[in-house]
Every structure is written in structure tokens, then in C-alpha cells.
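What follows is a short report on a single structure.
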Protein chains: 2
Amino acid sequence: MLAPIDLQPFEKALTFREAAYHAIKHAILAGQLEPGKPLVEERLAAMLKISRTPVREALAILEHEGLIAPIYRRGLFVCQLSRAQVIELFTANEAVEPFLARRAAFYASPEQLVAIEQTISDGEASVERLDVANFLRSGRMFHAGIGLAAANPTLAQLVQRNEERVDLFVISYGKRIDAEMMRASNREHQAIYQAICDRDPDAAARLAIYHAQSIRERFAALANDESDA
Amino acid sequence: MLAPIDLQPFEKALTFREAAYHAIKHAILAGQLEPGKPLVEERLAAMLKISRTPVREALAILEHEGLIAPIYRRGLFVCQLSRAQVIELFTANEAVEPFLARRAAFYASPEQLVAIEQTISDGEASVERLDVANFLRSGRMFHAGIGLAAANPTLAQLVQRNEERVDLFVISYGKRIDAEMMRASNREHQAIYQAICDRDPDAAARLAIYHAQSIRERFAALANDESDA
DNA sequence: GCGCTATTATTTGTATACAGTTTGTCCCGG
DNA sequence: CCGGGACAAACTGTATACAAATAATAGCGC
């Protein structure tokens with residue numbers, strides 16, 4: 001398995017660095033680069049058919065985002081988050097997501113509502129196909145949509161990154177997400193979306209809190225199921 | 001003015017990249033690299049007596065953090081935040097800071113309390129010397145201390161970055177902070193600190209909100225004073 | 001056959017080299 | 001005197017080269 005993934009070349013990006021950033025990030029979040037496994041710069045560069053220089057710059061950013069972690073002179077590794085770290089991410093989200101949902105109920109434009117609805121559809125389609133990676137991705141896009149509608153890029157970006165790291169955890173522990181869990185999550189998304197459409201900030205915030213807590217409980221159940229006590 | 005700043009060499013850092021990151025960030029936040037002015041890679045490299053490679057990697061991270069912004073093939077510039085952007089940062093902080101203050105009241109260790117108190121002393125010393133850069137820095141460290149005590153690195157880091165960008169705005173517009181403003185801010189810090197010492201989460205959260213709002217008002221007043229209507 | 005040591009092979013971290021753009025300047029024409 | 005175009009300089013974006021350090025491996029002694 002010398003070239004198991006093809007980091008698909010260069011979504012729309014001006015510089016090779018950006019392209020590498022997106023491609024590597026995508027590969028990580030799609031589970032193509034397994035957590036705990038080393039990332040060899042030269043190999044990534046070869047896959048993207050570019051030199052190490054822009055790859056290194058992209059990796060520096062991903063490291064700063066907390067998706068990968070370095071060991072000095074030993075290489076970079078896809079992060080394996082501890083349960084404590086994931087709890088911490090959930091705690092942060094429970095503070096921020098209701099805030100964003102509330103604001104989205106105020107500020108969302110019709111186009112933004114459509115975009116959010118599409119992420120929900122995408123999530124539902126993923127359930128049918130049992131496509132976990134795409135399910136996670138649509139979930140991230142849902143929250144990104146809320147963030148965009150909430151007109152607060154700073155907090156939106158935070159939630160976005162948190163979601164990515166949580167998803168990394170899911171992938172890393174290979175926990176199997178069953179269809180029922182995916183459906184539950186989608187239902188909650190749908191409810192938040194409805195509250196925003198109804199311009200009901202209180203309901204949106206309340207449902208966002210509920211969603212965050214539900215997710216945490218579902219994850220806790222999963223984490224307790226397997227391996228480490 | 002070929003070498004106006006000496007980016008002081010290499011605080012404790014393993015790699016040149018880290019060193020460059022900290023040095024350049026420090027120079028920006030100390031106002032030595034003026035907002036709106038271009039950052040020439042080769043010049044920074046020369047100042048640090050290293051090559052462009054690690055400098056570029058450091059700059060990539062700073063760009064990702066929103067302290068500097070690139071124009072393709074034209075160079076990097078220290079960010080000049082718009083007023084709307086600063087308002088947005090304040091909005092984010094008003095959501096997050098009370099949350100952190102509340103948690104700090106629960107979890108702060110005695111050592112962490114001492115560390116926080118020292119940042120307040122540092123701030124007060126800055127008033128005497130009318131040292132705005134150090135005043136801003138001590139403010140950032142105060143909030144960093146709260147964040148640390150709150151045991152939520154994710155949100156702590158967010159606040160930290162927001163503070164940095166706000167300070168960048170202050171520097172960028174060259175608004176003069178007068179001694180009375182500095183004292184007011186210090187008083188509010190002191191009050192939050194006291195509430196945390198008293199293990200009074202509600203008071204801490206309330207005072208954190210008050211502080212965030214006060215700062216916003218003080219800044220609004222400054223911003224209205226000068227130049228753009 | 002097993003453990004320890006020396007050597008080789010990778011791989012990172014850094015420096016240098018090169019090509020393509022963009023900006024500023026100088027010169028010329030009007 | 002002013003405007004436009006060619007030239008030159010500077011700087012970015014990318015590739016390649018090199019050195020240090022770590023990991024893997026082979027050889028040796030026992």
C-alpha cells in the first residue's frame with residue numbers, strides 16, 4: 001500500500017499550499033489517513049505531485065488547528081484525541097452552539113436557509129447508504145451553515161474546527177455509528193432548522209443545547225462500549 | 001530604516017519556525033510591525049538570522065490566525081481590522097468570557113490565582129509608566145490566566161486570539177489609550193479576580209459580561225472620536 | 001539462538017536556487 | 001510639463017539540495 005489514497009488534485013486553490021491543505025485535511029476527515037499513523041512529507045508531496053515545501057506549510061497549519069501533532073524529529077501523526085479532550089470540545093460547543101443558533105434565527109437569509117436544508121438532505125441520504133464519512137461531513141456542513149447564518153465568523157470557525165476534531169475522534173476509534181444514531185442526529189438538525197425558519201430564537205437555542213447534549217451522551221455510550229474502561 | 005526592529009532572537013523554542021512565529025507575533029503585538037505595512041519575508045529572515053523557509057511557515061500560521069493577510073503575489077500585510085470585525089470579536093467574547101469566568105471560579109487552583117493576580121499587578125504597573133503595549137499584553141495574559149483556570153483550552157485559545165486581534169486594532173488605529181481607561185479596565189479585572197477567589201461563579205460571570213461590555217463601549221467611544229464617521 | 005553495537009536508510013529541519021509576477025522607474029514622445 | 005511604454009528591481013511561490021537526527025538493520029560476540 002504505497003499510494004493508498006490519491007489526494008485528489010487541487011480543488012479550486014490559488015497556491016499549492018492551499019491545495020495541499022484542503023487535500024490533506026479532506027483525506028484525514030474521510031478516514032483515508034488513519035489516526036496514529038505517521039504522515040511522511042515526501043509521500044504526501046509525491047501524491048500531490050508537488051514538492052515538500054508547500055506541503056510542509058500546509059502541515060504547519062493543520063498542526064496549529066490540532067488535527068495533526070508532531071514529535072520532534074520523528075514526524076507528524078494524525079491526532080488521536082483522548083476522551084477528556086473530546087469532552088472538552090463538547091463543553092465548548094454547548095456554550096457556543098446555542099448562541100449561534102439563536103443568532104441564526106435572527107439573521108439567516110433565505111439562501112442560507114436553503115443551504116442548511118441541503119446539508120440535512122445530504123445527511124439523510126448518507127443514512128441510506130450507510131456512508132459514515134459523508135454523514136459526518138454533512139453534519140459539519142450543517143453547523144457551518146448555522147455559523148454562517150449567525151453572522152459571527154469567529155465563533156462559527158471555532159465550532160467548525162471542533163466538529164472536525166470530534167469527527168476525527170469518531171474515525172480514530174473506529175466506533176461504528178449505527179443508522180439509528182445517524183437518524184437521531186438528523187432529526188435534531190431538522191428541529192433546529194425548523195426553529196430557525198420559524199424565527200424562534202429561544203427554541204433554536206434550546207434545541208441546539210439539546211442536540212449538543214444528545215451527541216455527548218451518544219458518544220459517551222459508544223466510548224464506554226469498547227476497549228478502555 | 002533598514003532594520004528598525006530587532007526581532008529578539010529565539011525565546012525558548014525547538015525549531016526556527018516556532019521561534020520565528022513567536023518573534024514575529026510579539027513584534028506585531030508590540031506595535032513594532034505596523035498594521036497595513038508589508039512584511040517582507042527576506043527581511044524578517046535576515047532580522048532573525050535564519051532562512052526564509054521557517055519564516056514562511058511561521059507566516060502561514062499567523063495568516064491562519066488572522067493577524068496578517070496576504071495579497072496574492074503582492075505580499076503579506078499586518079491586518080487592519082475593520083470596526084465591524086472588531087464588533088464581531090467583542091460579540092464572540094461576550095458569549096465566551098462569562099462562561100470561562102464561571103468555570104474559573106469553580107476550578108482555579110491557588111497557583112493559577114497567583115498567576116492571575118500577577119497579571120493584574122503588571123497591568124497596574126503599566127499605567128504608571130503609560131506603557132500601552134505592556135498594558136495590552138498584561139490584559140491578554142489576564143484573560144489567558146482565566147482561560148487556563150477554566151480548564152477549557154479550546155475556548156481559552158479562542159479568547160486569547162480574539163484579544164490579540166482586538167489589540168491589533170487598537171495598535172492599528174493608533175488610538176491613544178489614556179490612563180483613566182487603563183485604570184478602569186484594571187479595576188474590572190480586579191473585580192473578576194476577586195469573584196473567582198471568592199468562588200462565586202455567578203458574580204464572576206456577571207462581572208465578565210460587564211467587563212466585555214465596558215470595553216466595547218470604551219472602544220466605541222474611541223472609534224467615534226477619530227477620523228471615519 | 002539471543003542480545004548488544006555499529007552502520008545504513010529514512011526523514012525531518014533548514015538553506016539555497018530558480019522562475020514568474022508585480023511594482024517602480026526611467027526614458028521618450030507629445 | 002505630462003503621460004505611456006519598456007526596462008529593471010524586488011519579491012513571492014515552488015523546487016531542490018544539504019545536514020543532523022532518529023529508526024531500522026545487520027553483524028558480531030557470547
Side-chain angles (χ1 to χ4, degrees), chain A residues 1-5 7 9-24 27-28 33-65 67-79, chain B residues 1-5 7 9-24 27-28 33-65 67-79:
Chain A
M1 48 164 164
L2 281 169
I5 353 136
L7 299 177
F10 308 13
E11 357 213 312
K12 66 321 167 207
L14 277 167
T15 64
F16 285 2
R17 177 173 97 199
E18 286 176 65
Y21 169 79
H22 288 295
I24 296 170
I28 291 173
L33 296 170
E34 283 175 51
K37 286 286 164 58
L39 293 174
V40 180
E41 294 171 4
E42 207 159 354
R43 200 161 301 188
L44 295 172
M47 287 170 180
L48 290 162
K49 299 190 202 305
I50 59 179
S51 79
R52 276 178 59 211
T53 310
V55 170
R56 273 183 66 85
E57 292 173 1
L59 290 173
I61 294 170
L62 289 168
E63 177 191 330
H64 204 67
E65 279 187 11
L67 289 180
I68 62 183
I71 300 176
Y72 185 68
R73 279 277 179 197
R74 285 223 25 208
L76 285 150
F77 300 83
V78 179
C79 277
Chain B
M1 47 163 162
L2 281 170
I5 351 138
L7 299 177
F10 305 9
E11 358 212 312
K12 66 322 166 204
L14 277 167
T15 64
F16 285 4
R17 176 173 96 200
E18 287 176 65
Y21 169 78
H22 288 295
I24 295 170
I28 291 173
L33 296 170
E34 283 175 51
K37 285 285 165 61
L39 293 175
V40 180
E41 294 172 5
E42 207 159 353
R43 200 161 300 188
L44 295 171
M47 288 171 181
L48 290 162
K49 299 192 203 304
I50 60 181
S51 79
R52 277 177 59 210
T53 310
V55 170
R56 271 184 68 83
E57 292 173 0
L59 291 173
I61 295 170
L62 289 169
E63 176 190 330
H64 204 68
E65 280 187 11
L67 288 180
I68 61 183
I71 300 176
Y72 185 69
R73 283 270 180 205
R74 285 222 27 207
L76 285 150
F77 301 82
V78 179
C79 277

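A note on names: the letters A, B, ... follow the listed sequences, proteins ahead of strands, and every chain is numbered from 1.
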Write down the distance between [atom1] ([X]) and [atom2] ([N]), rounded to a whole number of angstrom.
{"X": "B:Glu41", "N": "C:dT14", "atom1": "CD", "atom2": "C1'", "result": "15 Å"}
{"X": "A:Phe77", "N": "C:dT11", "atom1": "CZ", "atom2": "P", "result": "11 Å"}
{"X": "A:Glu57", "N": "D:dT14", "atom1": "CD", "atom2": "C1'", "result": "9 Å"}
{"X": "B:Leu76", "N": "D:dT12", "atom1": "CG", "atom2": "P", "result": "7 Å"}
{"X": "A:Glu18", "N": "D:dT12", "atom1": "CD", "atom2": "P", "result": "16 Å"}
{"X": "B:Arg56", "N": "D:dA15", "atom1": "CZ", "atom2": "P", "result": "11 Å"}
{"X": "B:Tyr72", "N": "D:dC11", "atom1": "OH", "atom2": "C1'", "result": "13 Å"}
{"X": "B:Glu42", "N": "C:dC18", "atom1": "CD", "atom2": "P", "result": "14 Å"}

At under 4.0 Å, does any side-chain N or O of A:Thr53 touch on OP1 or OP2 of D:dT14?
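For A:Thr53, the contact criterion (side-chain N or O under 4.0 Å from OP1 or OP2 of D:dT14) is not met.
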Side chain of B:Pro54 - closest among D:dT14, C:dT12, C:dA15:
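Within the option list, the nearest is C:dA15.
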Do you know which two heavy atoms are closest between [X] and [Y], and how far apart they sit?
{"X": "B:Val78", "Y": "B:Ile68", "answer": "CA-CG2, 4.1 Å"}
{"X": "A:Ala20", "Y": "A:Pro54", "answer": "CB-O, 4.4 Å"}
{"X": "B:Val55", "Y": "B:Ser51", "answer": "CG2-O, 3.5 Å"}
{"X": "A:Leu14", "Y": "A:Glu18", "answer": "CB-OE2, 3.9 Å"}
{"X": "B:Ala60", "Y": "A:Arg17", "answer": "CB-NH1, 3.7 Å"}

When you match B:Val40 and A:Arg74 each to their closest nucleotide on DNA chain D, which lands nearer the 5' end?
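Mapping each residue to its closest nucleotide by heavy atoms, the 5'-most match is B:Val40.
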Hey, does B:Leu59 reach any base, or is it just sugar-phosphate, or nothing, if we go heavy atoms under 4.0 Å?
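The residue B:Leu59 makes no contact with any strand.
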Scan A:Leu39 against the nucleic acid and name what it touches under 4.0 Å (heavy atoms): base, sugar-phosphate only, or nothing.
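Result for A:Leu39 = sugar-phosphate.
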So which protein N/O to nucleotides 17-20 of chain D N/O distances come out below 3.5 Å?
| unit_1 | atom_1 | unit_2 | atom_2 | d |
| --- | --- | --- | --- | --- |
| D:dA20 | N3 | A:Arg73 | NH1 | 3.3 |

Could you work out, with side chain to side chain donor-acceptor pair (under 3.5 Å) as the rule, every residue matching B:Glu65, not counting sequence neighbours?
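Side chain to side chain donor-acceptor pair (under 3.5 Å) check on B:Glu65 returns A:His64, B:Tyr21, B:Lys25.
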Using side-chain heavy atoms (C-beta onward) and a distance below 4.5 Å, is B:Pro70 in contact with B:Leu76?
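In short, these two side chains touch, coming nearer than 4.5 Å.
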